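Just so it is clear, the structure is predicted and the values come from calculations on it, not from any experiment. Numbers here are sequence positions counted from 1.
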Amino acid sequence: MKKILLFQLLLISALSAAPALLSAAPVELKVASYNLRRSGTLPHDRWQNRAPRCRELLKSEKFDIFGSQETQIYHIRTITGAGYKFIGEPRSSKSHSEYSAIFYNPEILELQSEKTFWLSETPDVPGSTSWKTACPRICTWGIFKHKASGKVFAFVNTHLDHKSLKAKENGIKLILDNLSRFKNMPIILTGDFNSSPQSNVYQATAKRLSDARHIAEKVIPGPNGTFHGYKSDPAAWRVKFPIDYIFVDKATVKVKTFQVINDYKNGKSSSDHFPVKATVVF
């Protein structure tokens with residue numbers, strides 16, 4: 001009887017320790033920032049022509065989670081049709097309003113909570129604008145659980161204004177201030193910042209988080225700039241520096257690899273931006 005009782009106690013102890021041992025294992029995720037570009041009128045810019053290239057890229061890269069910009073309902077249909085789930089809200093009530101949607105693989109990740117707020121002086125008011133922004137701007141974040149390990153992390157995504165410098169600077173300050181809500185968990189921030197690495201916007205972000213490009217153990221060869229405007233020759237790019245970024249809290253997140261993905265094939269690409277990807281570990 002004593003042997004049976006001892007066995008039961010040992011079994012209970014082992015089972016209760018298993019989750020802790022499981023959660024201690026490192027989690028490796030493929031993350032990305034991907035400006036999808038809203039559909040245009042010219043053949044090379046129409047989403048119906050670019051969607052197959054997007055699906056091909058997603059199938060090849062197998063992102064576990066990524067932040068998107070300029071996202072429309074037709075983008076969402078295409079990407080959820082490829083097996084992803086998404087979170088986010090449109091930035092205004094207008095038809096064809098953009099999302100800063102976060103797409104994730106539901107087989108690997110489970111959503112715990114989410115929120116979209118507006119980059120304005122009234123962030124909880126949908127459609128609100130401030131600081132002479134050209135249009136409403138938003139930030140979407142989600143807290144996700146890695147199913148296999150039980151570990152949770154925060155993923156934050158945005159698209160800063162393309163005209164007003166004050167809107168960009170105040171917008172990123174608002175986003176960085178909001179990071180304080182993510183206590184004791186890894187943080188990943190993605191976005192089209194419409195800003196160079198020399199800008200105040202970038203520098204303010206780099207004081208709080210680290211650019212994945214600069215702390216990666218390995219940078220896979222690729223373009224330096226991220227906005228190509230459908231021009232395959234870098235010499236013809238209007239913007240030669242990166243404007244799309246992945247930032248992480250380096251105290252909790254390591255970056256194994258970083259790459260700007262050149263998805264040009266036969267003179268065609270899935271967007272006017274290159275996707276930016278990183279393999280992260282926490």
Side-chain angles (χ1 to χ4, degrees), residues 30-92 94-105 114 116 119 134-142 155-162 188-195 222-223 225-232 237-239 242-246 259-265 267-278:
K30 295 178 181 178
V31 307
S33 185
Y34 192 179
N35 185 315
L36 297 165
R37 168 67 181 171
R38 62 190 307 158
S39 189
T41 56
L42 297 176
H44 70 275
D45 199 20
R46 291 176 188 156
W47 181 244
Q48 66 189 54
N49 295 329
R50 293 189 285 117
R53 296 192 283 276
C54 174
R55 285 192 292 265
E56 182 181 347
L57 184 144
L58 295 176
K59 184 178 179 180
S60 173
E61 296 295 338
K62 295 181 173 60
F63 302 137
D64 296 310
I65 186 168
F66 66 96
S68 66
Q69 300 85 35
E70 295 196 32
T71 314
Q72 303 273 328
I73 288 296
Y74 44 79
H75 296 119
I76 292 171
R77 293 195 189 104
T78 296
I79 296 171
T80 55
Y84 287 90
K85 285 190 174 182
F86 87 100
I87 60 171
E89 297 181 29
R91 67 189 187 188
S92 75
K94 294 180 180 179
S95 61
H96 306 297
S97 186
E98 295 178 8
Y99 295 67
S100 288
I102 298 171
F103 293 92
Y104 65 98
N105 182 345
E114 65 169 293
T116 295
L119 304 185
C135 53
R137 294 292 181 178
I138 54 177
C139 176
T140 293
W141 60 257
F155 196 98
V156 186
N157 180 57
T158 194
H159 187 183
L160 300 180
D161 201 54
H162 62 298
I188 302 165
L189 167 63
T190 60
D192 175 352
F193 282 25
N194 277 309
S195 303
T226 59
F227 174 70
H228 54 79
Y230 296 119
K231 292 179 172 61
S232 58
W237 295 352
R238 180 168 54 86
V239 179
I243 61 173
D244 302 275
Y245 301 99
I246 300 171
Q259 184 182 12
V260 178
I261 304 171
N262 187 341
D263 68 334
Y264 261 102
K265 289 184 179 178
K268 297 177 180 178
S269 64
S270 64
S271 174
D272 61 346
H273 288 239
F274 292 128
V276 177
K277 74 169 183 178

**OP:** Determine, for Glu98 against Arg38, whether the closest basic-nitrogen to carboxylate-oxygen distance falls under 4.0 angstrom.
**Re:**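 Counted as a salt bridge, because a side-chain N and a carboxylate O are separated by less than 4.0 Å.
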
Rounded distance (nearest 0.5 Å) linking atom [atom1] of [X] with atom [atom2] of [Y]:
X      : Y      : atom1 : atom2 : result
Asn105 : Leu58  : CG    : CG    : 11.0 Å
Thr78  : Arg55  : OG1   : CZ    : 5.5 Å
Leu57  : Ile261 : CG    : CD1   : 5.5 Å
Tyr264 : Ser270 : OH    : OG    : 9.5 Å
Asp192 : Asp244 : CG    : CG    : 4.5 Å
His159 : Ser33  : NE2   : OG    : 9.5 Å

Non-hydrogen atoms of [X] and [Y] that approach each other most closely:
X      : Y      : result
Ile102 : Trp141 : CD1-CA, 4.1 Å
Ser39  : Tyr74  : N-OH, 2.9 Å
Phe274 : Gly225 : CD1-O, 3.7 Å
Arg46  : Gly40  : CG-O, 3.3 Å
Ser269 : Asp263 : CB-OD1, 3.5 Å

Within a strict 4.5 Å, meaning less than it, do heavy atoms of the [X] and [Y] side chains meet?
X      : Y      : result
Tyr230 : Arg37  : yes
Ser100 : Thr71  : no
Asn194 : Asp161 : no
Glu70  : Leu36  : no
Lys265 : Arg53  : no
Val31  : Thr190 : no

Subject >> Contacts of Tyr245 that satisfy ring pair (Phe, Tyr, Trp, His ring centres under 6.0 Å) - sequence neighbours left out >> reply: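 Per chain and number, Tyr245 pairs via ring pair (Phe, Tyr, Trp, His ring centres under 6.0 Å) with Phe193, Tyr202, Phe247.
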
**OP:** Report, as yes or no, whether the 6.0 Å neighbourhood of atom NE2 on His44 holds more than 12 heavy atoms from other residues, nucleotides or ligands.
**Re:**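 Buried by this count: over 12 neighbours within 6.0 Å.
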
Subject >> Parallel, tilted or perpendicular: rings of Trp237 and His228 (30°, 60°) >> reply: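 Tilted.
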
Original post:
Hey, is the main chain of Asn35 close enough, under 3.5 Å, to the side chain of Ser271 for a donor-acceptor pair?
Top reply: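 Side chain of Ser271 to backbone of Asn35, a donor-acceptor pair under 3.5 Å: yes, one is there.
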
Subject >> Side-chain donor or acceptor of Tyr34 paired with backbone N/O of Cys54 under 3.5 Å >> reply: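 A pair under 3.5 Å: no.
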
Subject >> Test side chain to side chain donor-acceptor pair (under 3.5 Å) applied to His75 and Arg50, step by step >> reply: CA-CA 10 Å; His75 296 119; Arg50 293 189 285 117; 4.6 Å; no

Original post:
Testing Phe155, Tyr104, Phe86, Tyr84 for ring pair (Phe, Tyr, Trp, His ring centres under 6.0 Å) with Phe66, which one passes?
Top reply: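 Between Phe66 and the candidates, ring pair (Phe, Tyr, Trp, His ring centres under 6.0 Å) is satisfied uniquely by Tyr84.
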
Original post:
With respect to Tyr99, which candidate in Thr116, Ile73, Thr140 satisfies the side chain to side chain contact (heavy atoms under 4.5 Å, CB included) definition?
Top reply: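 It is Ile73, the one option of Thr116, Ile73, Thr140 that forms the side chain to side chain contact (heavy atoms under 4.5 Å, CB included) with Tyr99.
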
